[in-house]
Amino acid sequence: MASSSKSNEENSYVGMADVHDATLVGKHCEYDYCNQLDFLPFFCQSCSKTFCLDHRSESSHRCANAGAWAERKRLAQLAQPSIGQGRTLRDKVASEKPCATPDCKTVIGTSLVTGVHCQTCNRDYCLKHRLQEDHDCKNLVPLGARPAAQFDVSQKTKSVLDKFRAWGSARREQAARALPKPKPTSASARLVAVNNLKKTAKGDDKLAPEKRVYLYVEAEAETAKAKYPKGEFFYSKDWVVGRVLDAAARSLQVQNINNQSSDERDRLRVFHVEGGRLLEFGEKVGVALQSGNTIILLRGVGPPPELIDL
C-alpha cells in the first residue's frame, strides 16, 4: 500500500497492482453513474479518487477538492530557495580607486572608466596612462615583488654556486696534500699484512676478536708536530668514525678540540686512504673501513668534499 500511494503521488495515473495477473488489470471509474473499467485509470491528486479517461480532469468529474493539488505544488515551489538567495552582489563602489599615476586624479573602477591593469608593475591605470611609457613602468618596483632590475635572483644564485664549487675544489686539493696513496697489492699480500698487523696492533684487550677492525693510523705533518707519527691500532666495528678519531688522537697525542671549536680550520677529520675520501663522523667503522686500511688525521680540510655538488 505504501508503494502504491507513493506512486499515486508521483503520477497522474494508477499502475496495475500485479502485471502478471490478467484478472487484476485496470480499475473502475469512481465517477457517479460511470463505473467504467479502464485499463489505464487516472488518479486525481486533489480528491484522491480514480477515474477513466473521460473523467480524468477535475472539471469533468466535478472534483470535491478542486485546486488542492495545484495549491500544494505552488506552495512547494515557494518553499524552495531562490537562485540568488544567500549570495552577495558585488559592490561596484568598493572597487573604485584613483589612477596609480601620482599626478592623475582620474577615478577608475566605475561603469564609465573601468581602468587597465599593468602586468609588469602590478598597478591599475586610467586609459590615458595605460601604456608602460606613459606611467614610467620600467622605474617602478612591482607591487608584491622584488625589483627585477635591482635584484637578479638567477645571476646571484649562479655566482654563489660558482664560489661554492671553487671552495670545494680547493678543499679537495687541500685534503690530497702530501697524503700516501694506497699500494696496489695482491689478495695474498694483503692477508699477510693483516695477520702481521694483528700481532702488533694495540687496543682494548676486552674487545672480542670478531668485533675488531685493525687499522694503520697516521697524523699529517700539519696536524701534529712530528712528521707522520704513526701507530697500529684496532677498534670496534660498532664504533662510529668520530669515536675512532678521539681514540686515535689520544693515542698519537694529537690536539683534538673538535668539541670546543666550530671553526673548520681547528677541527680534525679522518681521511680514508683506500677509499680516497674524508669520512663522516657518524659513519659506522664496520661499514666504512676494513682491517688493513689506513686512516689519516687531518686538520683544517673542512667537511667531506664528496658532499659538495661539483
Side-chain angles (χ1 to χ4, degrees), residues 156-183 193-194 197-198 200-207 211-310:
K156 186 168 184 179
T157 303
K158 183 178 179 181
S159 176
V160 171
L161 289 177
D162 291 340
K163 293 180 180 179
F164 197 57
R165 292 190 182 99
W167 178 85
S169 300
R171 284 289 183 252
R172 282 184 181 275
E173 294 176 359
Q174 188 178 13
R177 60 180 185 259
L179 297 180
K181 305 296 182 182
K183 300 178 181 179
V194 170
L197 177 60
K198 291 180 179 180
T200 57
K202 299 177 181 179
D204 187 2
D205 294 334
K206 298 179 181 179
L207 185 62
K211 288 285 188 178
R212 299 179 182 181
V213 175
Y214 297 85
L215 302 173
Y216 298 100
V217 183
E218 301 180 5
E220 190 197 12
E222 297 187 15
T223 303
K225 297 286 185 177
K227 185 176 181 179
Y228 292 107
K230 302 179 180 180
E232 299 170 353
F233 306 97
F234 62 85
Y235 308 101
S236 173
K237 294 181 179 180
D238 298 330
W239 286 12
V240 294
V241 173
R243 186 173 178 180
V244 171
L245 185 148
D246 295 337
R250 287 194 301 268
S251 301
L252 298 180
Q253 298 183 356
V254 176
Q255 185 183 20
N256 181 11
I257 56 174
N258 283 12
N259 296 330
Q260 304 174 14
S261 174
S262 58
D263 191 347
E264 285 293 342
R265 291 175 297 182
D266 301 329
R267 294 168 65 87
L268 286 174
R269 289 193 176 270
V270 178
F271 182 78
H272 184 206
V273 175
E274 285 73 17
R277 68 184 183 94
L278 291 174
L279 300 179
E280 291 280 4
F281 294 138
E283 290 188 64
K284 276 289 188 69
V285 174
V287 177
L289 301 171
Q290 296 180 355
S291 293
N293 288 170
T294 301
I295 60 173
I296 301 177
L297 304 185
L298 303 178
R299 192 187 306 277
V301 295
E306 68 271 12
L307 298 180
I308 301 173
D309 185 13
L310 299 177

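- The shortest non-hydrogen separation linking V254 to A219 is CG2-CB, 3.9 Å.
- Expressed to the nearest 0.5 Å, how far NE2 of H272 lies from CG of L279 amounts to 6.5 Å.
- Using a 4.5 Å heavy-atom cutoff, the side chains of L278 and L298 are in contact.
- Using a 4.5 Å cut-off on side-chain heavy atoms (C-beta onward), L215 and L289 make contact.
- Contact record, R267 with N258: NH1-O, 3.0 Å, taken as the closest heavy-atom pair.
- The stretch residues 241-261 participates, sequence neighbours left out, in no salt bridge (Lys or Arg N to Asp or Glu O under 4.0 Å) pair at all.
- The shortest distance between side-chain heavy atoms of R299 and Q255 falls below 4.5 Å.
- The OH atom of Y235 sits 12.5 Å away from atom OG of S291, with the distance rounded to the nearest 0.5 Å.
- A distance of 10.0 Å separates OH in Y214 from OG1 in T200, rounded to the nearest 0.5 Å.
- No side-chain heavy atom of W239 sits less than 4.5 Å from a side-chain heavy atom of L207.
- Smallest separation of non-hydrogen atoms from V194 and G292: CG2-CA, 3.9 Å.
- Contacts of K284 classified as side chain to side chain donor-acceptor pair (under 3.5 Å), with partners at least two apart in sequence or in another chain: none.
- Expressed to the nearest 0.5 Å, how far OG1 of T294 lies from CD of E218 amounts to 6.0 Å.
- Heavy atoms of other residues, nucleotides or ligands lying less than 6.0 angstrom from CD of E232 number more than 12.
- Considering all non-hydrogen atoms of both residues, F281 and V240 come closest at O-CB, 3.6 Å.
- Minimum interatomic distance between N256 and A249 (heavy atoms only, all atoms of both residues): CB-CB, 4.0 Å.
- Here the shortest heavy-atom pairing between V241 and V285 reads N-CG2, 4.3 Å.
- No donor-acceptor pair under 3.5 Å is formed between the side chain of Q260 and the backbone N or O of I257.
- By the side chain to side chain donor-acceptor pair (under 3.5 Å) test, D204 pairs with no residue at all, sequence neighbours left out.
- To the nearest 0.5 angstrom, I295 atom CD1 is 12.0 Å from F271 atom CZ.
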